[in-house]
Amino acid sequence: MIVTLKTILGIADAKKTAVGAFNVTELEGIQAVLGAAEKLGQPVILQFAPVHEEYIKLETMGPIMVMMAENATVPVCVHLDHCGDFDMINRALEMGFSSVMYDGSMLPFEENVANTRAAVEIASKYGASVEAEIGAMNSEDGSAADDCYTEPDEAEKFVGLTGIDALACSFGTVHGLYKAEPKLDFPRIKEIYDKIGIPIVMHGGSGVSDEDFKKCIANGVRKINYYTYRAKVGGEYVKKKCMEIEGPVFFHDITCWAREVMMEDIEHAMKVFSGISGEKI
Ligand code: 13P
């Protein structure tokens with residue numbers, strides 16, 4: 001069943017856990033995410049990022065995500081990740097997405113506030129939630145520059161002015177592959193969480209250790225975006241299998257191998273995020 005981001009993060013907040021938000025770019029990704037969530041009986045966020053339109057278009061992926069989320073036996077939020085384009089936000093909501101992220105983090109504060117408020121107004125017509133961002137995620141050299149970390153006072157002001165449901169914050173994670181071990185600012189997460197009173201979103205979950213995930217969750221992170229490492233796990237396994245196999249390799253086998261290992265990787269992440277050892281919702 002489809003639920004909003006507000007609902008799903010409410011479940012996590014009450015239990016002081018986090019919900020995994022997994023980007024998908026292919027059918028096997030959706031199957032791996034929903035398969036893991038149903039196996040563990042956990043709520044999950046299925047998300048699509050506009051940057052992935054180079055692999056598949058929202059118009060193709062979105063309706064499949066919505067249909068499969070509707071048929072799932074666990075609560076699923078279908079979310080549009082990192083979007084600064086109002087036309088795309090409207091199209092996703094029209095397709096049935098239950099949440100969108102308006103990303104104005106590169107804009108001046110006042111402009112980010114104004115655009116985020118507009119996104120909240122649009123989403124509210126669909127009964128959908130909104131995530132927004134203050135601070136910036138760095139990914140170019142695989143390390144986070146601390147001058148883009150989210151300022152707690154600014155975050156508090158931003159949340160008060162916009163009425164969003166969750167805030168993406170910068171505290172040391174980066175998108176993509178890490179070149180150096182991430183050094184996360186845990187006290188900053190706590191300070192922001194205490195000030196804003198809504199769930200904090202961690203972007204760049206790939207490459208963060210299980211111990212650091214747990215510390216982030218203990219300090220107020222309730223949504224964890226995770227993509228690069230599950231895509232890498234699938235790709236590396238296919239590479240290994242192709243090298244081992246003698247004779248022809250069939251594409252249908254490739255998709256099945258990848259789906260299986262990606263589901264295992266997602267299951268592990270979900271167990272860490274939800275703190276479960278078999279307990280179901
Ligand atoms: P990773 O690809 O680094 O896991 O980050 C995903 C993300 O933050 C999507 O918004």
Side-chain angles (χ1 to χ4, degrees), residues 5 8-9 18-26 29-30 32-33 36 44-56 58 61 65 77-85 88-89 92 97 99-106 119 129-145 148-150 164-184 189 199-210 212-213 216-217 221-236 258 261-262 265-270 272-273:
L5 188 68
I8 220 162
L9 296 186
V19 182
F22 301 95
N23 293 79
V24 287
T25 62
E26 70 291 304
I30 307 178
V33 172
V44 74
I45 300 158
L46 203 52
Q47 60 186 19
F48 181 81
V51 70
H52 289 150
E53 281 214 305
E54 65 176 296
Y55 311 128
I56 191 160
L58 172 69
M61 202 61 179
M65 291 165 71
C77 167
V78 184
H79 176 80
L80 181 68
D81 193 19
H82 285 294
C83 191
D85 172 359
M88 190 180 253
I89 286 176
F97 277 47
S99 177
V100 294
M101 174 186 188
Y102 172 74
D103 184 357
S105 59
M106 301 314 275
S129 305
V130 174
E131 172 188 337
E133 179 168 339
I134 277 283
M137 300 293 304
N138 225 332
S139 60
E140 268 148 41
D141 67 352
S143 62
C148 10
Y149 284 13
T150 305
I164 52 169
D165 302 292
L167 182 68
C169 295
S170 172
F171 47 85
T173 55
V174 297
H175 286 125
L177 297 172
Y178 284 88
K179 298 215 173 100
E181 203 180 312
K183 299 229 175 340
L184 308 186
I189 303 174
I200 292 182
V201 181
M202 174 202 277
H203 282 247
S206 291
V208 173
S209 70
D210 290 355
D212 279 359
F213 276 135
C216 289
I217 295 165
V221 166
R222 299 285 172 256
K223 172 176 184 265
I224 300 181
N225 286 14
Y226 182 86
Y227 171 68
T228 302
Y229 276 36
R230 82 98 178 141
K232 184 165 168 279
V233 161
E236 297 285 345
V261 291
M262 293 191 306
D265 187 64
I266 291 165
E267 255 183 68
H268 175 78
M270 276 182 187
V272 175
F273 301 165

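Whatever order the structure lists ligands and atoms in, that order sets their numbers, starting from 1.
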When rounded to the nearest 0.5 Å, the distance separating CG of Asp81 from CG of Leu46 is 11.5 Å
Closer than 3.5 angstrom, by distance alone: can the side chain of Arg222 be matched with the main-chain N or O of Ile217 as a donor-acceptor pair?
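Present.
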Donor-acceptor pair, side chain of Arg230 and main chain of Asn23, under 3.5 angstrom
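Yes, Arg230 side chain to Asn23 backbone: donor-acceptor pair under 3.5 Å.
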Partners passing side chain to side chain contact (heavy atoms under 4.5 Å, CB included) against Ala21 (at least two apart in sequence or in another chain):
Ile45, Gln47, Lys223, Asn225
Residues forming a side chain to side chain contact (heavy atoms under 4.5 Å, CB included) with Lys232, sequence neighbours excluded:
Leu177, Glu236
For Tyr227, enumerate each residue passing the ring-ring contact (aromatic ring centres under 6.0 Å, His included) test, keeping only those at least two apart in sequence or located in another chain.
His52
Protein residues having a heavy atom less than 4.0 Å from any atom of ligand 1:
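Protein residues near ligand 1 are Asn23, Asp81, His82, Val174, His175, Gly176, His203, Gly204, Gly205, Ser206, Asn225, Tyr226, Tyr227, Thr228.
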